[in-house]
Protein chains: 2
Amino acid sequence: MTDNSKKILYKRITDLTEISVSSFDKLFEIANKREFTKGEIILRQGQICNTIIFVEKGYLRTYIDKDGKEINTDFTFEGNFTTNLKSLRSDTLSDTSIQAGEIATIYEFNKDKLLELYKVSVEIESFGRKLLEQLLIAKEEHTNLFKIYSPAERYRYLQSNKSEILKRISLSQLSSYLGIARETLSRIRKK
Amino acid sequence: MTDNSKKILYKRITDLTEISVSSFDKLFEIANKREFTKGEIILRQGQICNTIIFVEKGYLRTYIDKDGKEINTDFTFEGNFTTNLKSLRSDTLSDTSIQAGEIATIYEFNKDKLLELYKVSVEIESFGRKLLEQLLIAKEEHTNLFKIYSPAERYRYLQSNKSEILKRISLSQLSSYLGIARETLSRIRKK
DNA sequence: TTTTACCTGTGATAATCGTCACAAAATTCT
DNA sequence: AGAATTTTGTGACGATTATCACAGGTAAAA
C-alpha cells in the first residue's frame with residue numbers, strides 16, 4: 001500500500017473493525033476519488049443521494065435551507081464519513097445539501113455497489129454496521145446538548161469536548177449548528 | 001408460529017429486512033422476556049448496558065439525570081427497539097436510565113449472544129445494520145427540530161408528524177424531550 | 001495595492017422563554 | 001367514595017435571546 005490516500009481510509013476502517021486486505025481492496029476498488037474547491041456543492045437538496053462520502057482532506061458542511069437561510073446540521077472533517085442516510089436508504093429527495101468548506105478531497109462509495117459488497121463480504125457489512133453505531137452515538141450526544149444545556153452552555157461544551165470544531169468553523173457557520181443567533185454567539189464567546 | 005408475542009417481533013423485523021424462519025428462530029431463542037409495572041427501572045444510570053430491548057407492550061422512557069432533574073431523551077413504544085448504544089458498545093457506564101412508562105412487556109437481547117449470531121447469520125447482522133440506519137434517521141430528524149424550529153414550532157411539528165407521542169406522553173414528560181419548560185409548553189398547547 | 005465581499009462586534013429594543021409560587025384539575029390509591 | 005398524589009394551568013417577573021441596524025475588521029479577489 002504505497003498510496004497515501006489509501007492509508008487514511010485504511011486507518012479509519014481498521015480503527016473501527018478488523019478487516020482483511022482483500023476486503024479492504026474490494027472496498028477501495030469501488031471508491032471514486034473527487035476534488036472540490038471551497039464552496040462547491042457535492043450533494044444538492046432535492047437530489048437523490050446515492051453515495052457514502054469519505055473525507056480525505058478538508059471538511060464538508062451539511063445544511064438545510066430554511067426560508068432562504070442555511071442551517072448547518074453537520075460538519076464532516078478529514079477521516080470521517082457522511083451522507084444523507086434518509087435519501088440514500090429510501091431513494092427520496094435529499095432535504096440537505098453538502099458543500100466543501102475548504103478545498104477538499106473525498107472518496108465516494110456508490111450505494112448499490114456497497115450493498116453488493118455487503119453480500120460478498122461479511123467484514124464489509126460488519127464495518128457498515130459499526131460505522132452506523134458510531135454515527136448514532138455521536139448524533140445522540142449532539143442532540144442531548146439541546147435538551148440539557150442552554151446556548152451558552154452548549155458553546156462551552158464544545159470548547160471542552162470538541163475544540164477541533166471551534167478552530168475550523170467560523171462563528172457564523174457555527175451559530176446555526178448550535179441553534180444560536182450569530183450575534184448571541186459572538187457575545188457568548190467574548191466572555 | 002402460534003405465540004402472539006413472537007408475531008409482533010417477527011413483524012417488526014420483516015418490515016425492515018428479509019429474514020429466514022431459521023434465522024428468526026435463532027434470534028428468538030436468545031430473547032429474554034420480562035414484564036415491568038409502571039415506574040420500574042430497566043436500565044439504571046451508572047450501570048453497564050449489555051442488552052438491546054424490544055418493546056412488545058407499553059412504552060419506555062429514556063432519561064438523563066441533570067442536577068436531580070430528569071430530562072427525557074427518548075420514548076420507545078411497542079414494536080420498537082432501544083438501548084444505550086454508547087454503553088453497550090464500549091462497556092462504559094450508562095449516562096441514561098430506562099424506565100417503564102406503563103405496564104410493559106419487553107424482550108431483552110444480550111449483546112454478546114447477539115454478536116455471536118451476527119457471525120453465524122448474515123441475515124441477522126444485516127438486520128442489525130438496517131435497524132441502526134432507521135434509528136439514525138429518526139435521531140437526525142429529531143435533532144434538526146432543535147436547529148430549525150422554535151419551541152412552539154417544535155410542538156406543532158409533533159402535532160402534525162408524531163401525533164402518537166402527544167396522545168401517550170404527558171405534558172410534563174414531553175417538555176424536557178422538546179427542550180421547553182413545562183409551563184411554556186402548557187401555554188403553547190392552549191392555543 | 002486597491003477593491004470587494006464576507007465575517008464579526010455592538011448597541012438598542014422587543015419578543016420569548018424560564019422560574020417561582022400557588023391554585024385547579026385529573027389521576028391513582030386505599 | 002374519599003384521600004393522596006401527580007399533573008396541569010396561570011399570573012408575575014426577570015433573564016435570556018432574537019432581531020435589526022450598522023460599523024469595523026479581515027480575508028479574498030482583481
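We name chains A, B, ... by the order of the sequence lines, and we start the count at 1 in each one.
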Student: Looking at side-chain heavy atoms only, is the closest gap between B:Q99 and B:N72 below 4.5 Å?
Tutor: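 SC-SC contact between B:Q99 and B:N72 ruled out.
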
Student: Would you say A:N144 and B:T73 are linked by a side-chain donor-acceptor pair, where the criterion is simply a distance under 3.5 Å?
Tutor: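 Side-chain D/A pair, B:T73 to A:N144: absent.
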
Student: Donor-acceptor pair, distance only, cut-off 3.5 Å: does the side chain of B:S90 make one with the backbone of B:K86?
Tutor: yes

Student: Could you give the CZ-to-C1' distance, from B:R154 to C:dT16, as a whole number of Å?
Tutor: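 Between C1' of C:dT16 and CZ of B:R154: 12 Å.
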
Student: Rounded to whole angstroms, how far apart are CZ on B:F146 and C1' on C:dC17?
Tutor: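 Rounding to the nearest Å, CZ of B:F146 and C1' of C:dC17 are 15 Å apart.
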
Student: Between A:Q173 and A:S170, is any side-chain donor less than 3.5 angstrom from a side-chain acceptor?
Tutor: no

Student: Would the A:F28 and A:Y107 ring centres measure less than 6.0 Å apart?
Tutor: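 Yes.
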
Student: Given the side-chain rings of A:F109 and A:F54, with only the six-membered ring counted for Trp, is the space between their centroids under 6.0 Å?
Tutor: no

Student: Rounding to 10 degrees, work out the angle separating the end axes of the helix from C:dT1-D:dA30 to C:dT30-D:dA1 (five pairs an end).
Tutor: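 The helix from C:dT1-D:dA30 to C:dT30-D:dA1 shows an end-to-end axis angle of 60°.
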
Student: Mark yes or no for whether A:S121, through its side chain, and A:Y118, through its backbone, hold a donor-acceptor pair below 3.5 Å.
Tutor: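 Judged by distance alone, no pair lies under 3.5 Å.
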
Student: Within residues 161-190 of chain A, find the residues that approach DNA chain D with a heavy atom at under 4.0 Å, and present them sorted by residue number.
Tutor: A:G179, A:I180, A:A181, A:E183, A:T184, A:R187

Student: Given side chains that start at C-beta, do those of A:Q45 and A:S97 come closer than 4.5 Å, heavy atoms only?
Tutor: yes

